[in-house]
Every structure is written in structure tokens, then in C-alpha cells.
A.B. asks: 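The following block contains the structure, expressed as C-alpha cells.
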Number of protein chains: 2
Amino acid sequence: MPTVTTKESEVDVLIIGAGPAGLMAGNALAKNGINVRIIDQRPDKLGAGQADGIQPRTIEVFQAYGLADRLLKEGNQMHMAAFYNPSPDGGIELTDRVPDVTAESARYPFEVTLHQGAIESIFSDSMRCFGVEVSRPVVPTSIQLSEDESKLNDPNAYPIRVELLQVETEIVHAKFVVGADGAHSWVRKSIGIIMEGEQTDYIWGVVDLTPDTDFPDIRNRCVIHSNEGSCMVIPREDDKVRLYIQLGDKRTNVTSNGRIDKEKLHPHNLLETARKILQPYYIQTPEKFDWWTIYIVGQRVASRFSVKDRVFIVGDACHTHSPKAGQGMNASMNDSHNLAWKLTHVLKGWAKISLLKTYEFERKQYAQDLINFDKKFAKLFSGKPRTEDYQDGVSHEDFLKIFQTFGGFTSGIGIHYAESSITSEKHQDTAKNLIIGERILPQIFLRVADSRPVEIQDLMPSDARFKVLVFTGNSSSIDQLKKIRIVSQELDTLLSSLVKGKAVFDIITVSSAAKGRVRYNDLPKSLWSHWSKVLIDDTDVKGAQGGDGYRKYGIGPDGAIVIVRPDGYVGAIVPLDRVRDLETYFSGFVNA
Amino acid sequence: MPTVTTKESEVDVLIIGAGPAGLMAGNALAKNGINVRIIDQRPDKLGAGQADGIQPRTIEVFQAYGLADRLLKEGNQMHMAAFYNPSPDGGIELTDRVPDVTAESARYPFEVTLHQGAIESIFSDSMRCFGVEVSRPVVPTSIQLSEDESKLNDPNAYPIRVELLQVETEIVHAKFVVGADGAHSWVRKSIGIIMEGEQTDYIWGVVDLTPDTDFPDIRNRCVIHSNEGSCMVIPREDDKVRLYIQLGDKRTNVTSNGRIDKEKLHPHNLLETARKILQPYYIQTPEKFDWWTIYIVGQRVASRFSVKDRVFIVGDACHTHSPKAGQGMNASMNDSHNLAWKLTHVLKGWAKISLLKTYEFERKQYAQDLINFDKKFAKLFSGKPRTEDYQDGVSHEDFLKIFQTFGGFTSGIGIHYAESSITSEKHQDTAKNLIIGERILPQIFLRVADSRPVEIQDLMPSDARFKVLVFTGNSSSIDQLKKIRIVSQELDTLLSSLVKGKAVFDIITVSSAAKGRVRYNDLPKSLWSHWSKVLIDDTDVKGAQGGDGYRKYGIGPDGAIVIVRPDGYVGAIVPLDRVRDLETYFSGFVNA
């Protein structure tokens with residue numbers, strides 16, 4: 001018998017699943033120069049359907065990866081939400097229109113809708129520029145994690161053995177594995193993580209179509225409570241529209257084995273229900289539906305998000321909930337956004353391996369918050385409307401209240417990470433509106449050298465570096481400039497002493513000096529690695545943009561140093577004369 | 001002897017020269033579906049140097065072709081102009097900083113600088129998407145225009161015979177020829193057009209480099225008048241900078257045959273002069289210069305811009321002037337922008353051939369205005385600064401005055417085409433701030449269907465269609481809606497009766513109704529070919545953008561119809577009850 005040799009290979013990070021969560025991780029790691037491989041068992045990329053909503057914070061994250069332009073070019077924007085309720089004459093009528101996004105500080109004050117396949121292409125095209133492509137179809141068949149503690153604690157070891165089946169079998173030895181393989185995650189099941197929570201009784205249908213209709217709010221997000229059931233309208237790219245349609249309860253549409261009876265339900269049935277709900281407006285049956293599905297809302301969170309901080313799960317693999325608040329894809333991609341820079345820092349030897357514990361710490365709490373919100377939202381949304389005859393129903397005021405109260409949360413803008421080794425809650429008063437644990441507030445400052453107004457978020461791309469924002473106070477004052485010189489020396493000494501020194505840091509300097517005669521090169525050289533990194537808090541030449549940033553950030557004339565994590569979240573704040581407190585902060589996770 | 005057959009071919013438009021003017025024409029015609037061919041005698045596209053300034057109006061034009069995103073991504077922005085003059089202590093000092101662009105209505109209130117090769121690539125990449133590529137190296141060797149009047153008046157005839165030399169000789173029979181072959185235009189000389197005007201005594205050097213300097217305004221446009229001569233600083237893409245350096249007068253640098261003595265002048269000499277001018281600031285000699293040249297300012301305009309309206313010249317082929325006001329490439333590209341839609345309309349049979357007369361009418365006047373401005377500007381710029389010892393010199397106030405007075409002109413925003421068959425000056429009072437003959441003012445309106453704020457310029461792409469802007473007044477008023485219904489019928493009848501009907505027109509409707517409960521489909525269907533074409537004059541959901549458009553346009557509650565030409569210039573304005581005056585307007589140039 002001939003010897004059969006099985007192909008074996010090594011990789012730093014193996015990502016299983018190339019949906020939005022997997023692709024976000026793959027693109028981020030590839031961009032950071034990490035040796036990464038991404039596989040998917042589907043032979044082709046997604047054509048239509050699935051998730052489609054991108055929340056304001058997620059647009060900011062896309063921008064941080066240089067991908068927002070394309071997202072905005074291809075996607076539809078939802079600026080307005082319209083609410084319809086039963087009319088006294090029968091049918092429905094417009095009750096109210098309100099801004100779809102209520103989060104005050106949203107840089108992009110709207111949601112983008114675009115089908116999931118297009119979003120996946122944005123990532124896969126970007127990833128290709130960094131030399132990484134999805135391998136497909138590749139099926140993982142076994143995963144084993146070493147029990148050797150010394151290996152598990154060594155970021156350079158390959159403690160994970162994954163068996164893959166493509167044309168032939170291959171054994172991959174990975175340093176880390178990311179399971180991004182969806183709600184029925186093979187990775188999750190293989191490593192013994194269970195989902196906690198339950199299924200609801202709500203059954204919904206979804207149809208994607210290009211409608212012929214006289215419904216005047218067809219291009220707004222609409223929440224429709226009618227006596228025929230509830231419906232949500234989500235306008236999409238081009239002239240497409242998605243309808244979420246409430247169906248009868250579980251008993252009438254479920255087979256004896258507990259599954260949805262798809263035999264009984266076809267897109268034409270779904271649209272027929274929508275037509276009743278939308279009366280007196282008409283909606284024609286289209287020649288074809290782009291996509292359709294039916295689902296029972298489940299609200300579950302995984303018991304753990306990783307095993308030994310070597311195998312992680314992200315996205316639908318660790319949380320499922322109702323799709324109508326448009327959170328799913330956002331939660332998934334932001335899991336990976338949170339994890340990718342941490343894996344990068346550990347693999348590059350910059351950070352201690354314990355940094356990876358903060359992934360579950362931060363994202364599991366978020367997922368639980370999301371489920372709690374979803375329970376309230378889904379209940380109100382699926383409830384019957386309040387009418388004269390049914391006073392126990394859901395009133396417009398009830399619904400609007402939860403819609404707006406949770407606006408910060410659903411936009412992603414209000415996501416708050418609790419105190420941990422990477423989030424130090426000291427000195428919040430020094431920049432009292434830059435909430436530690438929340439994303440850095442967008443703000444336009446003026447670049448000193450060329451008077452160009454720049455959004456400070458755009459100086460903080462997702463490049464795995466910590467951003468050190470030095471708010472110097474008024475550098476035109478001789479006394480303040482003296483203080484700034486001292487701070488710049490202390491900071492230089494500190495950053496140089498940290499592992500790998502400045503490669504991990506990028507300094508951005510923001511003076512409160514007024515435009516006019518100010519010069520960028522009056523500041524100490526260590527505060528401007530490049531002329532483009534010196535800003536002032538003033539309006540542009542037309543007085544149209546920028547200004548008032550110190551006040552909006554809650555920073556006084558004494559200035560502040562703000563550390564922004566590689567994912568764009570405020571990690572620490574110190575007064576200018578407390579550079580030593582930054583040493584404490586960084587020593588919590590940086591490799592000695 | 002064997003028979004030698006020469007290759008012969010036919011083309012609708014032959015463009016000779018693939019610089020910015022030729023490529024603008026090629027891209028525009030290709031986009032409009034015109035059979036076009038573009039040749040250039042240079043074997044390769046441009047690497048570095050040449051023109052580099054894109055004015056605010058030209059950025060708007062790029063946007064109309066869908067090319068502004070890339071221009072803005074690749075280019076540098078100049079927001080501020082700084083003025084330096086002799087210091088009492090010797091050397092120079094900062095006198096003033098002012099906004100570089102003073103035109104109030106500029107949508108992009110800055111200039112973009114980017115080397116000409118990159119700009120050419122923007123066009124050639126776009127043109128490739130429409131199936132047209134530059135043929136190079138191809139040398140034209142003869143051009144003959146038929147004298148047969150019936151052929152000359154038939155837009156479908158091929159009255160021009162051009163002989164081309166590539167590997168073998170080819171005879172091209174063209175309906176129209178566009179000569180975009182530069183200041184030494186072979187086309188111009190071949191068809192016997194002469195340049196009128198003269199050379200000046202001003203000799204200037206240009207160097208492109210990435211400087212090491214402590215000059216604090218190196219990223220602003222700087223006008224430096226020193227006792228060592230004048231210099232202009234133009235910051236460019238990346239960290240590049242262009243310096244224009246005044247050299248001695250003609251006598252010292254010109255050879256006996258009247259040409260510049262390049263033997264005597266090297267980039268190191270030029271930079272040495274710049275170093276003296278820039279004192280007390282240092283500028284190091286770089287390892288290499290990206291590009292350099294020396295020129296004598298010539299100020300000339302071609303006697304004619306076409307022969308028989310079949311052979312046209314555009315760009316440097318019809319005007320030369322000093323480069324320092326950054327007009328050259330802009331004037332050139334806008335010649336082609338003006339010509340391309342006219343050729344399209346004639347070739348498609350929509351317009352009378354006489355439409356082409358308006359090209360020379362409009363662009364020659366502009367070129368003459370440009371030379372007149374340039375004479376004043378170049379004189380002040382090359383003049384010695386006023387000092388205590390030299391009271392006849394140029395004062396900062398003199399220079400600033402011309403800089404700002406001509407700001408509207410140099411930005412391209414103030415370009416005004418005089419009355420002609422396509423520019424009817426009637427009814428200016430109906431929209432008194434939309435100046436007939438000037439480009440449509442940018443303004444953000446709110447899209448009714450989805451409350452998305454949109455820049456109205458973006459609804460008017462350069463697609464060869466006339467845009468019919470119907471300002472309806474308040475469509476929420478029942479009385480006004482009655483009037484609107486009548487207007488919509490009259491307009492529908494008129495547009496349908498014109499040649500090829502609506503394919504040449506795009507209707508955009510702007511109501512002064514307030515947002516809230518307004519519905520896009522309350523307006524007559526003929527006023528909204530698509531839901532995206534109905535706007536209201538109100539702010540966005542955040543109150544941050546839009547609103548006040550009727551007032552800014554000078555339109556009263558009775559509304560107006562504004563005809564915007566395919567190149568973005570206001571062609572005609574009529575009150576809502578004077579649709580018949582539009583018939584008069586269009587009958588002046590539309591084919592019966």
C-alpha cells in the first residue's frame with residue numbers, strides 16, 4: 001500500500017465563515033499584516049437577501065477602514081421613520097414622521113440599507129488588496145484545542161488543530177481560530193458552547209421586491225400597526241423595498257416537528273397579507289420577488305464567546321434576535337472589529353495575551369443588552385394596535401417612546417464598554433463629554449498647515465495603532481507653550497519606553513489657538529510627526545465648518561491627553577500634567 | 001507593381017491631442033454615446049509636471065461627470081492664500097492670510113492641485129468604461145476640409161479628410177474634428193488660424209519638489225514679493241510643492257535666436273534663487289526634482305476657434321497666458337465641456353447645426369477676458385514690491401485687491417455667457433439670483449420621498465440632457481396645486497412636441513411646501529418621472545442642511561421654470577404661466 005500523506009499547514013488566524021462577521025475580521029487582520037486564512041463552506045458568495053441594515057456607528061467603522069465611500073455610493077439612506085396606525089375610516093393612516101436616527105452625535109445621521117451580498121463584496125474586494133481571498137467551498141470537519149497550558153499561553157504556539165475538507169483533507173495548525181459561521185455555528189457546537197435564551201411565539205415573513213405602489217412613505221422606514229397585523233417597510237438600494245410582515249402565531253404555521261411550514265407560506269401569501277395591512281394603499285404583485293423568508297424570532301446569547309482565548313466565536317454564532325431593529329449584521333461586524341485589533345496586538349508581540357479576555361467581556365455584555373432591548377421592541381412591534389375597541393393595544397406613544405429611548409443604542413453610537421484593562425475610567429472630568437468606553441465623538445478641526453477642515457475621526461483609521469490626542473490648550477500663549485514642551489518630552493520618553501515604541505502609537509495634536517497667524521511648526525517636533533497632524537479648534541476659512549471642539553469635548557483651557565483605542569473607543573484620559581498615569585494604563589496590557 | 005491600398009475609415013468626431021482638453025472632450029462624447037476617436041502623437045501618457053490647478057467651478061464640472069470623488073481623493077486642497085513681503089529686518093515676513101477662494105457661491109471653496117498626468121488618468125480611465133481609448137503614437141500629417149456647402153451643412157456628412165501616420169498611413173473621414181493639440185497646435189496651423197497677442201518680458205522658472213523647509217506656509221498658496229524677486233508656492237498632492245520663481249528679464253536669459261537659454265538655467269539655479277527669496281526661512285536642495293521648466297509668458301488668443309463649424313480648436317491651441325493664476329487647464333477643459341454637448345445634440349439630430357456657432361461665441365469671449373485679467377495679474381505679480389526706498393512698487397493692498405476682485409473670475413464661478421440662441425435673457429426677474437448665462441447655483445434641497453438632503457447640482461449630471469427645473473411654489477396649497485396641474489399639462493405638451501421629445505429633457509420638481517406631511521405623489525405624474533425627482537425647499541431631519549433655496553435663487557411664491565443647459569449653465573427662465581416662451585427658446589436651436 002502506498003503511503004498517504006495528508007497536507008498540513010500553519011496559520012496565525014483561521015477564520016471559519018465568510019459572512020459579514022468573518023469578512024470584517026479577515027479584512028481587518030489582513031490590513032494589519034496578519035497571516036490569516038478565511039474559509040467558507042458555501043460554494044458561491046451571496047446573491048440576494050439576508051441582512052441589509054447598516055447603523056450609523058457601523059458606517060463610522062466602515063469609514064475607519066476606508067470603506068464608507070463605497071457603502072454610501074451603493075446603499076440607500078433612511079433618514080425618516082414614518083408611523084402608520086388604524087384610521088377611523090378603516091385601513092391605515094399616517095400618525096407621525098420622525099427622524100430615523102435620534103443619536104445626537106451621529107456623524108452619519110441615517111441608516112444605510114444594502115443587501116448583504118453587496119456588503120460582503122465591499123470587504124472581500126478590500127481584503128483582496130491585502131492579498132487574502134476567501135477559500136470556498138471548504139468544510140471544517142474537526143477542531144481540537146491543545147490542553148497544554150504553556151502552549152495556550154504562548155501567542156506564537158499553534159495549539160489548535162482543524163481538519164478541513166476540500167478536494168482532499170488538510171490539517172491546519174492555527175494560533176487562533178475565529179468562528180464566524182452563523183446561527184447554526186459548527187465551531188460553537190464543536191467547542192461545546194451553548195446558546196442561552198429562548199424562542200418567541202412571533203412568526204414573521206420577509207419579502208424583497210421592487211414595488212409598484214401608491215403608498216407615499218415607501219421610501220421611508222415605516223412601522224405599520226394595522227388591524228390586519230403589523231408590517232415594517234425598509235427601503236433599499238435602487239428602487240427595492242423589504243417588507244417585514246407579521247404572520248399568524250406559531251400554532252397555525254408550524255408543522256408537528258416544530259418547524260415553520262414553508263409549504264403553507266409562499267411569497268405571494270406574504271404579499272397578500274401585506275396588501276391587507278397597507279389598505280387603502282395598493283401594492284401590486286411583482287413579476288418576481290428578489291428574495292423571501294419566514295422566521296420565528298429567537299433571542300439567545302452564547303454562554304461564552306471563546307474557549308481559552310484561542311478559539312473565538314463572533315456574529316450570529318454568539319447572538320440571535322429579531323432582525324427588525326436592523327441590529328444583526330451590525331452586532332456581528334462590530335464583534336470582529338473589537339476582536340481584530342486585539343489579535344493583532346497579541347500576534348505582533350505588542351500586548352499581553354490577556355488582552356484577549358476583553359473581547360468576551362465587552363461583546364457579551366453588549367449582546368445581552370441587545371437581547372434585552374430586542375425583547376421590548378419585538379413585543380411592542382408584534383402587539384396589536386390600540387384602538388377604541390382594544391384599549392390594551394400598543395399606542396403610538398408607547399412605540400415612539402421605545403424607538404427614541406433606545407435610539408442611541410440601536411444606532412450603535414451609545415455602545416459603552418465597561419472598565420477593564422483597556423478602559424480606564426479615571427480622569428473623566430478632564431474631557432467630560434468624551435465618555436470613556438464610548439467611541440470618540442466626531443468633530444471637525446482645522447489643519448493648521450493648510451487650513452483644511454478635517455474630521456478628527458478620519459485621522460484615526462483602523463490601523464491597529466493607539467491614537468494619542470494631545471489637546472495642548474492655547475499654544476499661542478508663551479506660558480502654555482512652556483508647559484506643552486514639558487509634556488511633549490514626558491510623552492516622548494513614555495512612548496519610547498513602551499514595547500516597540502512609537503510604531504503602536506500615532507500622535508495627533510489639537511491646539512485651542514485661533515487661526516490667523518498660528519504656525520504648525522511652533523509646536524515641539526515630537527508632537528507633529530507630519531504637518532497634517534497638527535490641528536486647531538477653529539472654523540474653516542468660510543466660517544462654515546468646525547470650531548467649538550474643546551467645548552463639545554468638555555476640555556478646558558488646561559488641555560488633556562486622550563487615548564483612543566485602535567477600534568475608535570476612548571480608552572483613557574489624563575490631564576497634561578499626569579502623563580505618568582498613562583504609564584499605569586498601558587502597563588496593564590502592553591508587553592513589558 | 002502591386003496595388004497599394006491605404007486603410008480608410010470613418011468617424012463622427014476625431015479628437016487630435018489627448019491632454020486635458022482632448023480627454024475632457026473624448027470622455028464627454030464617449031459618455032454621450034458618440035462615435036469618437038482620440039489620438040495623440042506622444043508614445044506615453046504624461047508622467048509629471050505641466051499644469052496642476054483645478055479651480056472650484058472645474059471641480060463642479062468634474063462632479064457633473066461623476067469624477068470629483070477621485071479628484072478630491074488624489075488631489076491636494078488649497079484653502080488659504082498667504083502673502084509675504086519684505087521685512088524691515090531683511091528677508092520676508094507674513095503680511096496677510098486670506099481665503100484662497102473668494103467666490104461666495106463656490107460649492108467647493110478651495111482649489112485642488114494635482115499633477116496633470118493624474119488628471120489625464122481620471123479622464124482616460126473613465127473614457128475606457130465607455131469603450132474609448134487613446135491611440136498613440138499617431139501623428140496627423142494632413143487635414144482637408146471639403147468646400148461643398150451642402151456637405152458642410154449636413155451633420156451626417158464626412159467633410160473632413162485627415163491623414164494619420166502610425167505603423168502605416170490611414171485616411172480618416174470625419175464628420176467633425178477637435179484640435180486639442182496644445183500651444184503649438186498642428187491643427188490650428190494646418191487650418192490657417194493665427195494667434196493674436198504678444199509675448200511679455202516676464203521669464204519664470206518652475207520646480208516641482210518635495211521640500212525640506214521651515215517655511216510655515218509651505219502648505220498654503222503663497223504669493224511672495226521680496227527684494228530678491230517674486231515667488232509663488234503651490235502645495236501639491238502628498239508632500240509635493242511647486243515653486244514659481246521670477247527670473248531676470250529677457251535679455252539676460254535668452255539666446256540670440258530669441259529662445260530661452262536652458263544651458264544657463266538648471267533646477268539648482270532656480271532653487272538657489274528661491275532660497276534667496278525665502279530668507280530667513282531655509283529650503284534644502286532635494287536629492288531630485290520631480291519636474292522643472294522655464295517659460296516666457298505669452299498672452300495670445302486664436303483669431304477663430306473653428307473653421308466652418310466642422311474643425312474646432314480647444315484648450316492651449318486657442319489661448320495661452322501665464323500659468324500662475326492656475327487658469328490654463330481649467331480654461332482648456334471647459335472649452336471641451338462647452339463643445340461636447342453641442343456636438344452631441346447636432347450628431348444625434350436633436351439640434352440644428354447652427355448650435356455649434358455658440359462654441360466660438362462663448363469661449364472666445366471668455367478667453368479674451370482671461371487674457372485681460374492675466375495682463376493685470378502677471379504685471380502685479382512680476383513687479384517689485386513697494387518698500388520705503390521704492391514707493392512705485394507693488395503694495396500688498398494693490399495685489400490683494402486684484403486677487404479678490406477677480407476671485408469670481410479665477411474660480412470659474414463667475415463665468416458668464418452672453419445672450420445667444422441658447423441663452424435667453426428674458427424673465428431674469430422671475431429667478432433673480434439665478435443669473436442667466438451663469439452656472440446653476442449649488443443648493444441643498446430635501447427629497448420628499450425619503451427626506452434625504454440632495455445637492456441639486458447632483459441631479460444635473462453632464463448627460464447631454466436639458467434639465468427643466470419646475471419650481472412649483474407651495475404645492476400643499478389647493479389653489480397652487482390647480483395651477484401646477486395646468487402647467488404640467490402645458491409642459492408635457494410642449495416637450496412631447498419637440499424633436500425626440502423627452503429623451504432630451506429631464507424634469508426636476510421643487511416645491512416650497514414644508515416637510516412634515518407632504519407626499520411626493522400628490523404632484524401631477526408628469527412632474528416626477530421618478531420619486532427621486534421631487535424636492536422641497538426645507539431643511540433635513542436634523543435641521544443641519546438645506547432650506548431657504550427659493551430665497552437664495554430669488555424665486556417668489558409664484559414659482560418659476562428654469563432651463564439648465566446640459567453644461568450646467570442657466571439657459572432660460574420663465575414664469576409658470578409663460579410655458580409658451582419656452583417654445584420660442586427651444587425653437588431657436590432644436591431641430592424642427
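Order of the sequence lines fixes the chain letters, A, B, ..., with proteins taken first and strands second; residue numbering starts at 1 for each chain.
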A.B. asks: As an exercise: rank Ser532(B), Pro235(B), Ala544(B), Gly516(B) by heavy-atom pairs under 4.5 Å with chain A and give me the winner.
C.D. replies: Gly516(B)
A.B. asks: Counting only non-hydrogen atoms closer than 4.5 Å, does Asn220(B) touch chain A with its backbone (N, CA, C, O), its side chain (CB onward), both, or neither?
C.D. replies: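 Both backbone and side chain of Asn220(B) come within 4.5 Å of chain A.
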A.B. asks: Among residues 445-455 of chain B, which ones touch chain A with a heavy-atom distance under 4.5 Å?
C.D. replies: Ala449(B), Asp450(B), Ser451(B), Arg452(B), Pro453(B)
A.B. asks: Which residues, numbered in order, of residues 76-86 of chain A come under 4.5 angstrom of chain B by heavy-atom distance?
C.D. replies: Asn76(A), Gln77(A), His79(A), Met80(A)
A.B. asks: With rounding to the nearest 0.5 angstrom, report the CG to CZ distance, Asp96(A) to Arg517(B).
C.D. replies: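 Taking CG in Asp96(A) and CZ in Arg517(B), the distance rounds to 7.5 Å.
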A.B. asks: Among Lys73(A), Glu104(A), Arg219(A), who wins on heavy-atom pairs under 4.5 Å with chain B?
C.D. replies: Arg219(A)
A.B. asks: If I take atom CG from residue Leu94(A) and atom CZ from residue Arg519(B), how far apart are they, to the nearest 0.5 angstrom?
C.D. replies: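 Here the interatomic distance stands at 8.5 Å.
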A.B. asks: Tell me, do Phe110(A) and Val541(B) make a side-chain contact under 4.5 Å, heavy atoms counted?
C.D. replies: no
A.B. asks: Not counting sequence neighbours, which residues clear ring pair (Phe, Tyr, Trp, His ring centres under 6.0 Å) with Tyr281(A)? List them please.
C.D. replies: Phe215(A)
A.B. asks: Just to verify, what does Phe62(B) make a ring pair (Phe, Tyr, Trp, His ring centres under 6.0 Å) with, not counting sequence neighbours?
C.D. replies: Phe123(B)
A.B. asks: Taking side chain as C-beta onward, heavy atoms only, is Asp239(A) less than 4.5 Å from His530(B)?
C.D. replies: yes
